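Counting from 1, the numbers follow the sequence of the chain as shown. A quick note: this is a predicted structure, and the numbers were derived from the prediction, not measured.
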Amino acid sequence: MPSLYIVATPIGNLEDISQRALRVLREVDLIAAEDTRVTRKLLARYDIKTRLTSYRESNRESKLPELLDALEQGDVALVSDAGMPGINDPGSELVRAAAENGIPVVPVPGPSAVTTAIAVSGLPVGEFVYLGFLPRKKGERRRLLDALAGDPRTLVALETPHRLRGALTDLLDALGDRRIAVCRELTKLHEEVFRGVISEALDRFPEPRGEFTLVIEGAVSDEGGRREKEKAALDALEKLRADGFTDRDAVAAAAIFTGLPKSAVYRLLLDSRKASGGGEAGPAP
């Protein structure tokens, strides 16, 4: 019976493809590719002549019946532009439809930006949360990061160059100045792995270029240390406001000084005002 092969392709360096993947791509009757121009470069490198068809986000509904028909006649391989198909790429619908029709689905594993970034991050990763691409809109991104602020698991996210600085700024505000590995252009000519804290990453990438994978330290359980930071933040808030700083600027400065998220420092300001019977604080930073 014909099978659907889910074939991982290189995330950058074309030498990273497996011998098994090359054999499968040669032997199947059809390759369904996210972008046929990208896949043609890979096939040309290894002199593979298999017929190609496109299967991308914009045509996946119309192409699904055609691919299922092709699977009645012979084997089909599904590939994305890079890495494993179906992860932040089209593919899950085809896999589900093939399985529902009794067609064997065979994985051919290989390169992954997620596991590659984790491996070189230098951060402890017993458990991690994969976030995919962070939300485009700032409000949605902040709500997601605020919800994850107390999660002890390492966070892994993908980001585009034009959104990287906004994402790093929101990470700093929501999570504090945590350790981070910013992995750029993994396995490509200009590969770079920056390891430091989020504020340093903002300084390191003033004009980001390339594709990014972020590995962010999870929340550290240290109640004693957190209490010390909160006391330091309150002391800093008191001094800064006495020096004429606005609530917004005082909170921002105290967050940088202590490494606490801005949202946590702002809550400290509100709580201290309530405890002392003072008025409302200014708008949240």
Side-chain angles (χ1 to χ4, degrees), residues 1-119 125-135 144 153 155-158 186-187 211 213:
M1 180 180 227
S3 298
L4 172 65
Y5 290 88
I6 311 302
V7 182
T9 54
I11 59 176
N13 193 318
L14 296 184
E15 294 179 1
D16 289 339
I17 194 164
S18 71
Q19 291 298 311
R20 183 186 177 203
L22 291 174
R23 176 182 60 77
V24 168
L25 293 176
R26 285 193 178 96
E27 293 178 354
V28 295
D29 298 280
L30 178 67
I31 299 172
E34 182 184 4
D35 187 331
T36 55
R37 296 168 298 180
V38 173
T39 303
R40 278 197 182 97
K41 294 178 183 178
L42 174 66
L43 300 185
R45 170 69 177 271
Y46 292 100
D47 195 30
I48 296 173
K49 310 293 187 183
T50 307
R51 184 166 61 95
L52 273 177
T53 189
S54 70
Y55 181 68
R56 55 185 186 273
E57 186 64 31
S58 60
N59 73 358
R60 58 187 173 83
E61 291 186 9
S62 61
K63 265 301 180 67
L64 187 58
E66 178 183 324
L67 292 176
L68 289 175
D69 287 343
L71 280 163
E72 292 183 1
Q73 308 302 318
D75 294 330
V76 174
L78 174 67
V79 300
S80 64
D81 291 351
M84 200 70 178
I87 302 174
N88 292 112
D89 294 309
S92 58
E93 297 86 354
L94 178 59
V95 169
R96 182 168 58 251
E100 289 173 351
N101 282 274
I103 298 167
V105 178
V106 182
V108 183
S112 163
V114 174
T115 53
T116 301
I118 289 172
V125 191
E127 294 181 89
F128 69 90
V129 179
Y130 176 57
L131 304 175
F133 284 96
L134 293 172
L144 171 64
R153 294 172 294 180
L155 307 176
V156 184
L158 306 179
L186 284 170
T187 78
E211 298 177 344
T213 307

Distance (rounded to the nearest 0.5 Å) between [X] [atom1] and [Y] [atom2]:
X     : Y     : atom1 : atom2 : answer
Glu34 : Asn59 : CD    : CG    : 10.5 Å
Glu66 : Tyr55 : CD    : OH    : 11.5 Å
Met84 : Leu78 : CE    : CG    : 9.0 Å
Lys63 : Arg56 : NZ    : CZ    : 7.0 Å

Atom CD of Glu211: over 12 foreign heavy atoms under 6.0 Å: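 No, not enclosed.
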
What heavy-atom pair brings [X] and [Y] nearest, and what distance separates the two atoms?
X      : Y      : result
Pro109 : Ala8   : C-CB, 3.8 Å
Gly83  : Ile11  : N-CG2, 3.8 Å
Leu71  : Ser3   : CD2-O, 3.4 Å
Ser112 : Thr116 : O-OG1, 2.6 Å

Asp29 side chain to Asp75 backbone, donor-acceptor under 3.5 Å: yes

message: Quick one: does any side-chain atom of Thr187 pair with a main-chain N or O of Asn13 as donor and acceptor, under 3.5 Å?
response: yes

Pair up each side-chain donor or acceptor in residues 95-104 with any protein partner under 3.5 Å, not counting sequence neighbours, and list the distances.
residue: Asn101; atom: ND2; partner: Ala97; partner atom: O; Å: 2.7

task: List the steps and the verdict of side chain to side chain contact (heavy atoms under 4.5 Å, CB included) for Leu52 and Arg40.
output: CA-CA 8 Å; Leu52 273 177; Arg40 278 197 182 97; 3.4 Å; yes

Find out whether [X] and [Y] are in side-chain contact, i.e. whether some heavy atom of one side chain is under 4.5 Å from a heavy atom of the other.
X      : Y      : value
Pro135 : Leu144 : yes
Phe128 : Leu155 : no
Ile31  : Val76  : no
Leu134 : Leu158 : no
Val156 : Leu131 : no

message: Checking Ser18 against Arg20 for the side chain to side chain donor-acceptor pair (under 3.5 Å) test, could you report, in this order, the C-alpha distance in whole Å, the side-chain angles of both residues, the deciding distance, and whether it holds?
response: CA-CA 5 Å; Ser18 71; Arg20 183 186 177 203; over 6 Å; no

task: Check step by step if side chain to side chain contact (heavy atoms under 4.5 Å, CB included) holds for Val79 and Val38.
output: CA-CA 10 Å; Val79 300; Val38 173; over 6 Å; no

What pairs of donor and acceptor atoms, side-chain ones from residues 42-50 against any protein atom, are under 3.5 angstrom apart with sequence neighbours left out?
residue: Tyr46; atom: OH; partner: Leu14; partner atom: O; Å: 2.8
residue: Asp47; atom: OD1; partner: Lys49; partner atom: NZ; Å: 3.1
residue: Thr50; atom: OG1; partner: Leu25; partner atom: O; Å: 2.5

- request: I would like to know whether Leu94 and Leu64 meet side chain to side chain contact (heavy atoms under 4.5 Å, CB included); could you show each step before the answer?
  value: CA-CA 6 Å; Leu94 178 59; Leu64 187 58; 3.6 Å; yes

- prompt: What pairs with Ser62 under side chain to side chain donor-acceptor pair (under 3.5 Å), at least two apart in sequence or on another chain?
  reply: none

message: We want to know whether Asp35 and Ser54 form a side-chain donor-acceptor pair, criterion being a heavy-atom distance below 3.5 angstrom.
response: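 No - no donor-acceptor pair under 3.5 Å links their side chains.
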
- request: Begin with the C-alpha distance, continue with both residues' side-chain angles, and end with the deciding distance and a verdict on side chain to side chain contact (heavy atoms under 4.5 Å, CB included) for Thr213 and Leu186.
  value: CA-CA 8 Å; Thr213 307; Leu186 284 170; 4.3 Å; yes

